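Accompanying notes for the structure given below.
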There are 2 protein chains.
Amino acid sequence: MKKTSAKTIGRLSLYRLLLDNLRRDNGITVYSHELAAAANCSAAQVRRDLMSLDYAGSPVHGYRITDLIESIDNFLDHPQGQSVALVGVGNLGRAILSYFRGRRPKLSIVAAFDDDEHKINRVINGTWCYPMADLRKIVKEKNILVGVITVPPNAAQTVADQLIEAGVHGLLNFAPARLKAPPQVYLEDVDMTMSLEKVAYFSRLRAEE
Amino acid sequence: MKKTSAKTIGRLSLYRLLLDNLRRDNGITVYSHELAAAANCSAAQVRRDLMSLDYAGSPVHGYRITDLIESIDNFLDHPQGQSVALVGVGNLGRAILSYFRGRRPKLSIVAAFDDDEHKINRVINGTWCYPMADLRKIVKEKNILVGVITVPPNAAQTVADQLIEAGVHGLLNFAPARLKAPPQVYLEDVDMTMSLEKVAYFSRLRAEE
DNA sequence: TAATTGCTGTGAAAAAGGTAACGCTGTGCA
DNA sequence: TGCACAGCGTTACCTTTTTCACAGCAATTA
Ligand SMILES: NC(=O)c1ccc[n+]([C@@H]2O[C@H](COP(=O)([O-])OP(=O)(O)OC[C@H]3O[C@@H](n4cnc5c(N)ncnc54)[C@H](O)[C@@H]3O)[C@@H](O)[C@H]2O)c1
Ligand SMILES: NC(=O)c1ccc[n+]([C@@H]2O[C@H](COP(=O)([O-])OP(=O)(O)OC[C@H]3O[C@@H](n4cnc5c(N)ncnc54)[C@H](O)[C@@H]3O)[C@@H](O)[C@H]2O)c1
């Protein structure tokens with residue numbers, strides 16, 4: 001059993017989204033090159049990624065959409081579902097809370113945390129907001145494995161440490177800071193400044209031609 | 001003159017941020033291994049990335065922080081500055097407007113657009129929000145090269161087409177949809193669902209050990 | 001029935017990305 | 001002075017990721 005790369009995991013998640021759209025359009029089956037066109041990648045890439053799954057397509061009809069989605073579900077999702085905590089209910093934190101609300105049944109943000117007393121002990125965008133003092137208790141109680149960090153950068157490392165100490169094994173960090181975490185914690189940064197500057201740089205190159 | 005990869009561009013942007021923090025802590029010089037530690041990468045990686053710049057460090061003192069920042073500025077930024085437009089002033093769009101407000105003098109969001117009449121023709125989070133009908137005119141007028149897309153997924157392609165038609169050469173897309181764009185337009189997706197699912201997947205793996 | 005077609009799964013090749021190693025250089029110290 | 005050192009720039013190497021290419025297969029057609 002070979003382990004699957006982070007890039008493939010990301011694309012599988014993308015394929016699932018695209019397949020869901022195709023299904024809505026009353027599609028029954030799909031070929032690798034169709035999925036590739038939708039995902040902006042090559043057909044070979046799609047087929048290679050799908051090798052991680054235990055589902056095989058038919059050379060004649062391609063992949064059955066519902067079966068493929070189910071197979072990706074089985075592969076990506078925890079059977080009993082996974083709970084996520086979000087720390088820092090500011091502008092971005094609230095946007096994210098509303099965005100992930102009810103999006104995936106097997107992966108939902110079940111608790112929010114903040115240190116601002118105006119925000120705690122009430123529901124914000126559909127999610128209860130707890131004080132930081134309760135973090136450890138709630139993470140344990142709800143068996144939370146993933147933490148989303150949307151606090152200011154100077155508070156990010158402290159919050160990360162608290163989450164890790166409470167038992168989280170994955171962090172999604174939106175603060176513009178590089179966090180330290182032990183190897184048993186998977187860390188992913190979403191760096192919007194970097195993304196925008198990349199786009200700016202290459203758009204300038206393209207425009208100059 | 002070899003061209004620089006997107007990954008290196010991203011890391012240069014990150015180094016600049018980290019260097020800024022170091023400068024605030026009254027640092028004068030920095031070694032590649034120090035910057036590497038801050039960026040969670042290897043010293044060789046840092047040195048290699050910096051080869052794109054025309055600034056060379058001293059083997060004895062390392063890199064002078066201010067000079068290195070200046071050199072990255074020269075490399076990444078447009079000398080006259082670059083303007084960005086944001087389309088879709090919803091939860092996420094507003095968060096982004098406030099976040100990028102005054103962050104980088106050479107790269108600022110100078111106009112927002114929406115098709116909701118309650119949002120247009122007024123200032124939102126410091127930025128004037130125009131109706132979609134003005135998009136073409138304003139993009140030309142302000143010489144906007146980059147568009148940020150924060151509209152619902154079903155509207156994303158239409159908005160992208162409008163931006164491209166207006167003359168934009170780079171798109172930063174936050175909608176969960178894969179957009180089509182001609183090769184002279186650089187396209188970058190920020191896919192939060194994908195990121196969160198990746199973290200969820202690997203956190204489960206780590207937790208099982 | 002036999003040849004043709006178009007797509008899958010997968011080994012092999014190629015490309016991209018990252019790491020290690022080495023020569024070089026200025027500095028501090030015996 | 002001359003030698004050991006620490007870190008830079010760069011090349012060569014290694015790993016990961018992507019693409020290419022082709023056997024195999026079921027439906028279709030002559
Ligand atoms: N707004 C954006 O679009 C955007 C984009 C990219 C990155 N970010 C980053 O995301 C983070 C949040 O951005 P924002 O715009 O929502 O900021 P914000 O100031 O609106 O929200 C920050 C929230 O974190 C809470 N907080 C602060 N310190 C805390 C602590 N120690 N423990 C718990 N909660 C704490 C605050 O009470 C506040 O509710 C920042 O690091 C920002 O740089 C934001
Ligand atoms: N909120 C989040 O944290 C989050 C996270 C990831 C992705 N996204 C994606 O970002 C996008 C925006 O999310 P949101 O939560 O801000 O949604 P939202 O509904 O709050 O905002 C969407 C905005 O786009 C405007 N709009 C709709 N159609 C338009 C059109 N054709 N032209 C111009 N403007 C139009 C609406 O008037 C509204 O102001 C969505 O695609 C969403 O899936 C959001």
Side-chain angles (χ1 to χ4, degrees), chain A residues 1-15 19 22 27-65 67-69 71-72 75 178 186 188-189 194 198 201-202, chain B residues 1-15 19 22 27-69 71-72 75 178 186 188 194 198 201-202:
Chain A
M1 164 106 180
K2 265 254 305 287
K3 70 177 169 211
T4 309
S5 75
K7 298 216 168 189
T8 294
I9 298 296
R11 280 190 301 264
L12 286 173
S13 161
L14 170 64
Y15 300 152
L19 288 165
L22 291 173
I28 303 293
T29 64
V30 68
Y31 296 117
S32 62
H33 66 262
E34 294 174 307
L35 199 46
N40 283 346
C41 70
S42 74
Q45 179 87 84
V46 170
R47 294 203 299 276
R48 165 86 48 197
D49 287 335
L50 298 187
M51 282 174 65
S52 288
L53 274 38
D54 57 2
Y55 170 74
S58 140
V60 179
H61 301 109
Y63 307 90
R64 289 185 57 83
I65 293 177
D67 293 356
L68 188 48
I69 291 176
S71 185
I72 296 178
F75 185 77
R178 275 303 185 269
Y186 182 85
E188 170 119 352
D189 297 291
M194 199 184 88
K198 225 180 341 182
Y201 177 85
F202 286 106
Chain B
M1 163 113 177
K2 266 259 301 289
K3 71 176 168 211
T4 309
S5 76
K7 299 223 168 188
T8 293
I9 297 296
R11 280 189 299 263
L12 286 173
S13 160
L14 170 65
Y15 300 152
L19 288 166
L22 291 173
I28 302 294
T29 64
V30 68
Y31 295 117
S32 62
H33 65 262
E34 294 174 307
L35 199 45
N40 282 346
C41 71
S42 71
Q45 178 87 83
V46 170
R47 292 203 301 273
R48 163 157 285 219
D49 288 334
L50 298 188
M51 281 173 66
S52 287
L53 276 37
D54 57 2
Y55 170 74
S58 140
V60 179
H61 303 109
Y63 307 91
R64 288 184 58 84
I65 294 178
T66 52
D67 293 356
L68 188 47
I69 291 178
S71 184
I72 297 178
F75 185 78
R178 274 304 184 270
Y186 182 85
E188 169 120 354
M194 199 184 88
K198 226 182 335 183
Y201 178 84
F202 286 107

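In what follows, chains carry the letters A, B, and so on, assigned in the order in which the sequence lines appear, proteins first and then strands, with residues in each chain numbered from 1. As the structure is a prediction and not an experimental result, all values here were calculated from the model.
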Requested in this report: Could you state the atom-to-atom distance from CG of B:D67 to P of D:dC8 in whole Å?
Outcome: 15 Å
Report task. Starting from P on D:dT11, measure out to CD on B:Q45 and report it in whole angstrom. Result -> 17 Å
**Report entry** Base-contact (B) and sugar-phosphate-only (S) positions in nucleotides 23-30 of chain C, heavy-atom cut-off under 4.0 Å, - elsewhere
**Finding:** --BBS---
Query raised in the report: So, B:Y15 side chain and B:A39 main chain: donor-acceptor pair closer than 3.5 Å or not?
Result: no
Query raised in the report: What is the minimum heavy-atom distance between B:A43 and B:H33, and which atoms define it?
Result: CB-CA, 3.9 Å
**Report entry** Whole angstrom value for the distance that separates C1' of C:dG9 from CG of A:L53
**Finding:** 13 Å
Report summary line: To the nearest angstrom, the CG-C1' distance between A:L35 and C:dC7 comes to 14 Å
Query raised in the report: Are the side chain of A:Y31 and the backbone N or O of A:V60 linked by a donor-acceptor pair below 3.5 Å?
Result: yes
Report task. Provide, to the nearest angstrom, the distance between the OH atom belonging to B:Y31 and the C1' atom belonging to D:dC8. Result -> 11 Å
Report task. First locate atom CZ of A:R64, then atom CD1 of A:I69, and finally report the distance between them rounded to the nearest 0.5 Å. Result -> 11.5 Å
Query - Approximate separation, where rounding is to 0.5 Å, of A:N40 CG and A:L14 CG - result: 8.5 Å
Query - Sugar-phosphate only, base, or nothing, as touched by B:A56 at under 4.0 Å among non-hydrogen atoms - result: sugar-phosphate
Query raised in the report: Does B:S42 place a side-chain N or O at less than 4.0 Å from the phosphate oxygens OP1/OP2 of C:dG18?
Result: no
Which atoms of nucleotides 10-14 of chain C (N or O only) lie under 3.5 Å from a protein N or O atom, and what are those distances?
residue	atom	partner	partner atom	Å
C:dG11	O6	A:R48	NH2	2.5
C:dA12	N6	A:R48	NH2	3.1

Requested in this report: Could you check if a side-chain atom of A:L12 sits within less than 4.5 angstrom of a side-chain atom of A:L50, using non-hydrogen atoms only?
Outcome: yes
Requested in this report: Would you check if B:I72 and B:Y55 make a side-chain contact, meaning some heavy-atom pair closer than 4.5 Å?
Outcome: no
Report task. Classify the nucleic acid contact of A:S5 as base, sugar-phosphate or nothing, counting any heavy atom under 4.0 Å across all strands shown. Result -> sugar-phosphate
Query raised in the report: Between B:F202 and A:Y186, how do the two ring planes meet: parallel, tilted or perpendicular, split at 30° and 60°?
Result: parallel
Requested in this report: Figure out the CZ/C1' separation between B:R64 and D:dC8, and round it to whole Å.
Outcome: 16 Å
Report summary line: Here the distance between atom P of C:dG9 and atom OH of A:Y55, to the nearest Å, is 9 Å
Report task. Taking the side chain as every heavy atom from C-beta outward, state whether A:L19 and A:L22 have any atom pair closer than 4.5 Å. Result -> yes
Query raised in the report: What is the distance, rounded to the nearest whole Å, between atom OH of A:Y63 and atom C1' of C:dC7?
Result: 9 Å
